[in-house]
Amino acid sequence: MSPVHLGDTKGISVLDFGAFLDGSAKQEVASAMLDSFKRVGFVYLVNHGIPQEKIDDMFQWSKRFFAQPTEVKQLAPHPPSGTHHRGYSAPGVEKVVQHVYDEASLKDIRAKAPDMKESFECGWEDSVSMPNIWLPDGVLPGFKDACMDFYWTCHKTELQILRALSLGLGISEDHLVPHHNGHDNQLRLLHYPSVPARELLDEKITRIDAHSDFGSITLLLQDDVGGLEIEDPSRPGSFTDAPPVPGALIVNAGDFMMRWSNDVIRSTIHRVRAPPHLSSTDGMTPERYSIPYFCSPDFFAVIECLPGTYTEASPPKYPSISANQYILQRLAATY
């Protein structure tokens, strides 16, 4: 095993990203990361650059927010439309789906098995098209500042991961960076309340159903409860757990990156279920907290397949498109 490739967890590479950040093994990290993205669409990164104290602090803020009474959390309400993905969503309101856009079908899916999670979303504070929705001044003071500080901290790591990805693809290290100014990203705080384990196992309720992400990449921080599962690329419909790795950031490629790379990079379907090997004396699944940071290219930039991902014999599979066209259609289907 190399000093960079620390091992594999359920087929997902665990890499020391510090060797990219300090320049000691940039190409080795970049190539190994691209390999994991090609195989399974996911990678674990340790020494990723997000300070542990900031991660711990953000999880504490998340717990404080979700511990508020419902009427307080509803003071920052998510709008009825899924295209304005900001503010608080109560359990059962949002339903994550995979490429379902018909309203009648969406209604049936939501009624069959609601997603039992609550969330809070925020983004670039100066956005006009998707302004943030905060609690009123004086309610949970410090929460807004903590969210915004963590948002931009994650963005710095996002850019380093994109540099590594570019290097792995054999193009200029800064090729992807100008397309990602952080204005169209989303920081999401997620809380999965404790629910009857049997109802999860019988799929009467879900935590998050099988789906792929929309954008370029997603950075995910999770507690130690577990429950994340990814689809086996060689066996569609078969899922394996992606357990928490201490100190690791888990990164996955989104649908837009898969399209951008002419399908060289894989966007893998994943879901959140009951934790594996659950042992519960009261029949309840423990609550779970996670913090995904969704990274999107600038919404109005027109994107073409990346250099080196196509040839005359194997031309681009997709026409040019803006992230705005693609991602808003996907968001609209979640509400």
Side-chain angles (χ1 to χ4, degrees), residues 33-34 36-38 40-43 45 48 50 82-86 94 96-99 101 119 121-124 127 129-130 132 150-166 169 175-190 208 210-221 228 230 249-272 290-306 309 318 320-335:
M33 190 173 77
L34 180 62
S36 198
F37 276 140
K38 283 180 173 180
V40 291
F42 279 74
V43 66
L45 301 179
H48 43 71
I50 304 177
T83 57
H84 188 170
H85 224 31
R86 298 290 183 263
E94 184 193 59
V96 174
V97 295
Q98 181 70 6
H99 297 304
Y101 305 106
S119 62
E121 277 87 24
C122 62
W124 180 41
S127 176
S129 61
M130 202 177 295
N132 284 327
F150 198 70
Y151 181 93
W152 291 111
T153 297
C154 289
H155 177 59
K156 291 176 183 176
T157 294
E158 168 202 357
L159 296 183
Q160 295 291 1
I161 294 169
L162 290 172
R163 288 187 176 100
L165 188 55
S166 296
L169 286 165
H175 187 94
L176 292 169
V177 169
H179 298 288
H180 295 82
N181 60 20
H183 292 177
D184 297 299
N185 292 352
Q186 176 188 334
L187 176 66
R188 177 173 236 207
L189 309 180
L190 276 167
I208 293 185
H211 67 287
S212 54
D213 293 343
F214 310 155
S216 298
I217 58 174
T218 302
L219 318 185
L220 177 67
L221 295 157
L228 176 65
I230 70 168
L249 176 70
I250 189 165
V251 184
N252 65 282
D255 293 345
F256 202 82
M257 181 58 75
M258 181 167 144
R259 178 185 178 119
W260 206 350
S261 71
N262 207 33
D263 291 352
V264 170
I265 291 168
R266 186 185 296 274
S267 176
T268 301
I269 290 174
H270 50 286
R271 65 189 185 185
V272 178
S290 67
I291 304 175
Y293 182 75
F294 299 102
C295 308
S296 295
D298 307 338
F299 266 22
F300 295 103
V302 176
I303 302 302
E304 299 177 343
C305 288
L306 291 168
T309 63
Y318 306 103
S320 302
I321 192 173
S322 72
N324 182 64
Q325 287 173 273
Y326 183 78
I327 292 173
L328 288 184
Q329 180 190 40
R330 295 287 303 276
L331 282 174
T334 65
Y335 254 71

Check whether any side-chain heavy atom of [X] sits under 4.5 Å from a side-chain heavy atom of [Y], and report yes or no.
X	Y	value
Asp184	Met130	no
Ile291	Phe150	yes
Phe37	Met257	no
Val251	Met33	no
Val272	Leu190	no
Ile250	Leu228	yes
Leu176	Arg163	no

### Query
Do Leu45 and Thr157 pass the side chain to side chain contact (heavy atoms under 4.5 Å, CB included) test, and can you show the C-alpha distance, the side-chain angles, and the key distance before you say yes or no?
CA-CA 11 Å; Leu45 301 179; Thr157 294; over 6 Å; no
Smallest separation among heavy atoms of [X] and [Y], with atom names:
X	Y	result
His180	Ser216	NE2-OG, 2.8 Å
Asn262	Cys305	OD1-SG, 3.5 Å
His175	His179	O-CD2, 3.5 Å
Asn185	Ser296	OD1-N, 2.9 Å
Ala253	Arg266	CB-O, 3.5 Å
Phe256	Ile321	CE1-CG2, 3.8 Å

How long is the span from the [atom1] atom in [X] to the [atom2] atom in [Y], to the nearest 0.5 Å?
X	Y	atom1	atom2	value
Tyr293	Arg188	OH	CZ	15.0 Å
Glu158	Ile50	CD	CD1	10.5 Å
Ser119	His85	OG	NE2	6.5 Å
Cys295	Leu219	SG	CG	4.5 Å
His84	Ser127	NE2	OG	7.5 Å
Ser261	Leu165	OG	CG	8.0 Å

### Message
Would His183 and Phe299 count as a side chain to side chain contact (heavy atoms under 4.5 Å, CB included) here? Give the steps.
### Response
CA-CA 9 Å; His183 292 177; Phe299 266 22; over 6 Å; no
Taking [X] for its side chain and [Y] for its backbone only, find out whether a donor-acceptor pair lies under 3.5 Å.
X	Y	answer
Ser267	Asp255	yes
His211	Arg271	no
Asn181	Asp298	no

### Task
Applying side chain to side chain contact (heavy atoms under 4.5 Å, CB included), run through Trp260 and Tyr318 and close with a yes or a no.
CA-CA 8 Å; Trp260 206 350; Tyr318 306 103; over 6 Å; no
### Asn252 and Ile230: CA distance, side-chain angles, deciding distance, side chain to side chain contact (heavy atoms under 4.5 Å, CB included) verdict
CA-CA 10 Å; Asn252 65 282; Ile230 70 168; over 6 Å; no
